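Below: the structure, in structure tokens.
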Amino acid sequence: MDLSFSDEEERFRAEARAWLEANVPAEPLPSGDTAEGFALHQRWERKLFDARWAVVSWPEAYGGRDASLWEWLIFEEEYYRAGAPQRVTQNGIFLLAPTLFELGTREQQDRILPAMASGEETWCQGWSEPDAGSDLAAIRSRAVRDEKAGGWRLTGQKTWTTRGAFCDRMFGLFRTDLDAERHRGLTYLLVDLHAEGVTVRGFGRLDGDEGFADVFLDDVFVPERDVLGEVDQGWSVAMATTGSERGLTLRSPGRFSATAGRLLDLCHQQPRADVDLRDAVVQGWMDAEAYRLQTLWTVTRFVDGERTGPESSLTKLFWSELDVRLHETALAMEDPELESEWTKGYQFALAGPIYAGTNEIQRNVVAERVLGLPRK
Ligand SMILES: Cc1cc2nc3c(=O)[nH]c(=O)nc-3n(C[C@H](O)[C@H](O)[C@H](O)COP(=O)(O)OP(=O)(O)OC[C@H]3O[C@@H](n4cnc5c(N)ncnc54)[C@H](O)[C@@H]3O)c2cc1C
């Protein structure tokens with residue numbers, strides 16, 4: 001197996017590194033989970049887009065570079081290495097877009113992808129409801145066909161909608177057939193959050209940022225052209241999005257390699273680091289490297305035309321637990337009185353085992369669908 005990159009790929013890395021070094025803001029931006037920070041992040045994303053770094057693996061016609069998945073991985077490594085701002089466009093670019101490329105119509109792709117790539121139109125994910133989290137098929141928000149107007153009327157409530165208070169559009173699952181079995185009769189719809197009948201109420205997370213929102217829908221009209229995939233087949237469309245969320249795109253290895261690198265730097269500066277802590281640092285670094293190598297394997301399978309299935313749950317378990325361990329090790333080395341970037345990172349890392357499907361659910365998926373164990 002050849003794990004090295006080609007000369008062309010190394011040139012791509014050098015170009016990305018040079019641009020990022022020259023352009024990443026010297027001071028970190030305020031959190032993108034606040035109104036002020038979100039606007040500044042959008043401005044940064046526009047700059048990325050103008051230099052064609054926002055969506056490197058997309059076709060040039062949508063603002064990309066037609067880069068390979070390998071080059072995308074390289075770009076991600078460089079992005080995190082440079083300490084560049086979090087991507088407030090991530091739910092659009094990393095979750096919805098792969099599904100649009102796979103299952104959207106050409107008209108949808110042409111209409112939606114360019115504005116998503118430039119950050120002009122931002123997207124959030126409208127799946128969870130007050131009584132439907134792990135049990136996503138329990139959702140009750142409804143979409144009723146409006147023949148005359150040529151579309152659907154939506155009623156219900158979505159919750160835990162990340163950055164919902166600042167986004168323009170939401171992709172979500174809605175019940176379109178009340179008589180069908182729970183996983184059938186759902187449709188994947190693209191909703192304009194500025195439409196009549198939408199009320200969005202932001203609320204704070206554990207760290208105080210207004211990162212969440214409740215989205216209330218009262219007879220909201222969605223035109224037919226904003227159905228993604230087939231009517232009543234929303235579950236399988238959602239599973240395609242889930243594969244991206246748990247598998248490849250949402251949490252690329254560059255994120256954890258960069259954190260492990262910062263942890264190593266911290267260890268070198270810290271007199272408090274005893275042997276156990278130093279062992280934990282080395283273990284964290286090796287785990288980040290293992291995740292990077294595992295991702296290279298996944299990308300090889302993608303390039304060979306395979307798709308990720310339930311094994312993306314293993315990936316999600318690994319990166320979410322690794323992130324917690326890396327931050328715990330850092331906090332154990334720091335002065336406990338100190339509020340640092342590790343403190344904030346730790347608070348967010350704690351959410352990793354919950355979002356994108358809780359880790360208990362991922363373990364169920366691995367047991368039943370990867371290992372083939374009986375349900376009971
Ligand atoms: C930071 C963050 C961002 C999020 N962003 C979004 C977003 O943008 N859009 C969105 O739609 N949602 C979002 N969510 C919501 C997230 O998807 C849900 O929190 C998650 O699916 C769990 O659902 P729940 O909170 O209702 O918990 P529940 O489903 O009520 O689960 C409670 C506990 O019971 C356990 N449990 C439940 N069922 C089982 C079972 N069958 N077997 C074993 N254990 C079980 C769970 O693992 C969990 O520990 C976000 C959550 C977080 C933390």
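Each ligand, and each atom within it, is numbered from 1 in the order the structure gives. Keep in mind it's a predicted model, so treat the numbers as computed, not measured.
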Exercise for the section: Might you list the protein residues in contact with ligand 1, defined as having a heavy atom under 4.0 Å from one of its atoms, sorted by chain and number? Expected result: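 Within 4.0 Å of ligand 1, the protein residues are Gln125, Trp127, Ser128, Gly133, Ser134, Trp160, Thr161, Thr162, Phe212, Ala351, Ile354, Tyr355, Thr358, Glu360, Ile361, Asn364.
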Exercise for the section: Applying ring-ring contact (aromatic ring centres under 6.0 Å, His included), name anything that partners Phe75, two or more places apart in sequence or on another chain. Expected result: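 Only Trp53, Tyr79 meet the ring-ring contact (aromatic ring centres under 6.0 Å, His included) criterion with Phe75.
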Problem - ring-ring contact (aromatic ring centres under 6.0 Å, His included) involving Phe38 - partner list, sequence neighbours excluded - result: Phe166
Completion exercise
Distance col, row Leu29:CG vs Gln86:CD, nearest 0.5 angstrom, shows 9.0 Å
Handout entry: Under-4.0 Å salt bridge between Asp192 and Arg169
Key = no
Practice task
Taking only Lys NZ, Arg NE, NH1 and NH2, and the carboxylate oxygens of Asp or Glu, determine whether Glu78 and Arg13 approach each other closer than 4.0 Å.
Solution key: yes
Problem - Pairwise ring-ring contact (aromatic ring centres under 6.0 Å, His included) hits with a residue in residues 92-117, at least two apart - result: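 Only Trp58-Phe101 qualify under ring-ring contact (aromatic ring centres under 6.0 Å, His included).
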